[in-house]
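For ligands, and for the atoms within them, numbers begin at 1 and follow the listed sequence. Throughout, residue positions are numbered sequentially from 1 according to the sequence presented.
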Amino acid sequence: MSRVVRVAVVGYGGMGGWHTRLLQEIPEVELAGVYDILPERNKAAEEAGIKAYDSLEALLADETIDVVTVAIPNDLHEEVCIKVMEAGKAAISEKPVTMSTAVLENMIAASNRTGSLFTVHQNRRWDEDFRTAEKIYKSGDLGRVFEIQSRVHGSRGIPGDWRNTKAQGGGMVLDWGVHLLDQMNMMMGKMPVSVYAVLSNVTNEEVDDGFTATFKFDDGLVFTVEVGTSNFINLPRWYILGLNGTSVIEDWDVSGRTVIATCKEGHDAVPIVTAAGLTKTMAPRTPETIETLPIEKVHCDIKDYYRNIAAVVNGEAEQIVTHDQQRDLMKLMEAIFESAEKNEVVFF
Ligand SMILES: NC(=O)c1ccc[n+]([C@@H]2O[C@H](COP(=O)([O-])OP(=O)(O)OC[C@H]3O[C@@H](n4cnc5c(N)ncnc54)[C@H](O)[C@@H]3O)[C@@H](O)[C@H]2O)c1
């Protein structure tokens, strides 16, 4: 039997609370406790039956703790993760790991120096809409895929906390972009050739409250990643276009459909007459030339994230979220900012 791995959480805010609940549902790990800089958050943890440490030092001095998940604002990940590794414990940073390649390299160097595991919580690899889109892309069912659009839309602007400020690593590229870019990297398995990006500042001047980034890959595939926070009508979560068909996944519930061409020739399109003209190019397909199929949801389990961490700590597996993957992600985010600032295509 593998040893149960003990995990503590630094930061008992929105995401820290989520980690504590998840950790208590996985037999391979055990929640050791939390530390939050705000006494009222420690009190809230105790009221939820969770041990709260008086200080980060007290938490790090607890020799029974193997792993520390760091769920605090983005500008603080580096300092706390390095302290965790120097205390001989594995560090899991919340995403985005940090805000620049230079700082990421400090964190990786600390892992190499101390021999402590260092990884990042890229939890949205376990989102079922993503796994389903990935399967559709890789299945070849649509023929050669030439375009993928991945977007998330909200209508409330940026949350009015540290996410509003540049110094703390606010903005939607770092917040949601990092998830969608990680998913793109997992799907494509390679870096793109170039990106052109536009940031939005609809509700916030200091940091981006959304963006659109268009990546080109060496085989010609165009992958658009978009985050919007002033969208009262959402566009679909995924839109995947192949030479033989198109798939749409509307939302996180993975509703949607695939339309496949059953016959491309021999059926002339019926021209459609609009208010001011006529078009055959844009006419809808006649029913006998297409087949509409439901989306088959791919199931996965977010608990596998911590199961992997436990296996890595027990020397039984390799870490799923690697340093090189984080390097690639950081390059993509830095290129988005550079492209938007210069209004130019940036090449990798
Ligand atoms: N992976 C995901 O799906 C996901 C979702 C939400 C947030 N996050 C990430 O989690 C991190 C935290 O975000 P959040 O939404 O929980 O923020 P939050 O503001 O809700 O919580 C942050 C908590 O950290 C505490 N804190 C701040 N500085 C601290 C320090 N030095 N030591 C200990 N505690 C400290 C605060 O008091 C607060 O309770 C961010 O990096 C964010 O990007 C990830």
For ligand 1, which atoms, with element, lie under 4.0 Å from some heavy atom of [X]?
X    : value
K95  : 1 (N), 2 (C), 4 (C), 8 (N), 9 (C), 41 (O), 42 (C), 43 (O), 44 (C)
N74  : 40 (C), 41 (O), 42 (C), 43 (O)
L38  : 37 (O)
R41  : 39 (O)
W162 : 13 (O), 17 (O), 18 (P), 19 (O), 40 (C), 42 (C), 43 (O)
A71  : 11 (C), 12 (C), 22 (C), 24 (O)

Polar contact flag for [X] and ligand 1 (N/O pairs, less than 3.5 Å):
X    : value
D161 : no
I37  : yes
L76  : no
P96  : no
N123 : yes
G14  : yes

May I ask you to check if K51 and Y53 form a cation-pi contact, with NZ or CZ under 6.0 angstrom from the six-membered ring centre and within 45° of the axis? yes

Please compare R163, M15, H77, H19 and report which has the shortest non-hydrogen distance to atom 15 (O) of ligand 1.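 Considering heavy atoms of R163, M15, H77, H19, the nearest to atom 15 (O) of ligand 1 sits in R163.
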
Where is the nearest protein heavy atom to [atom]: which residue, which atom, and how far?
atom                    : result
atom 38 (C) of ligand 1 : D36 OD2, 3.4 Å
atom 21 (O) of ligand 1 : G13 CA, 3.3 Å
atom 10 (O) of ligand 1 : E94 CG, 3.2 Å
atom 11 (C) of ligand 1 : I72 O, 3.4 Å
atom 27 (C) of ligand 1 : P73 CD, 3.6 Å

Same cluster or not: I92 versus L60, using hydrophobic residues (I, L, V, M, F, W, Y) connected whenever any side-chain heavy atoms lie under 4.5 Å apart? no

Side-chain heavy atoms nearer than 4.5 Å, only ILVMFWY residues, links allowed to pass through others: does that put V207 and V103 together? yes

Salt bridge or not between [X] and [Y]? Use side-chain N to carboxylate O under 4.0 Å.
X    : Y    : value
D301 : R307 : yes
K138 : E134 : yes
E86  : R113 : yes
D218 : K190 : yes
D175 : R163 : yes
R237 : D129 : yes

Is the number of heavy atoms from other residues, nucleotides or ligands under 6.0 Å of E296 CD greater than 12? no

What do we get for [X] next to ligand 1 when only non-hydrogen atoms under 4.0 Å count, side chain, backbone, both or neither?
X    : result
V10  : side chain
Q122 : neither
W18  : neither

Using heavy atoms and a 4.0 Å limit, tell me yes or no: is E79 in contact with ligand 1? no

What is the distance from atom CD1 of I309 to atom OH of Y306, rounded to the nearest 0.5 Å?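 It comes to 7.5 Å.
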
Using the ring of each side chain (for Trp, its six-membered ring), is H121 parallel, tilted or perpendicular to Y305, with breaks at 30° and 60°?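 If you compare the ring of H121 with that of Y305, the planes turn out perpendicular.
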
Heavy atoms only: give me the nearest D209-N201 pair and the separation to one decimal.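 In this case the closest contact between D209 and N201 is OD2-C, 3.3 Å.
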
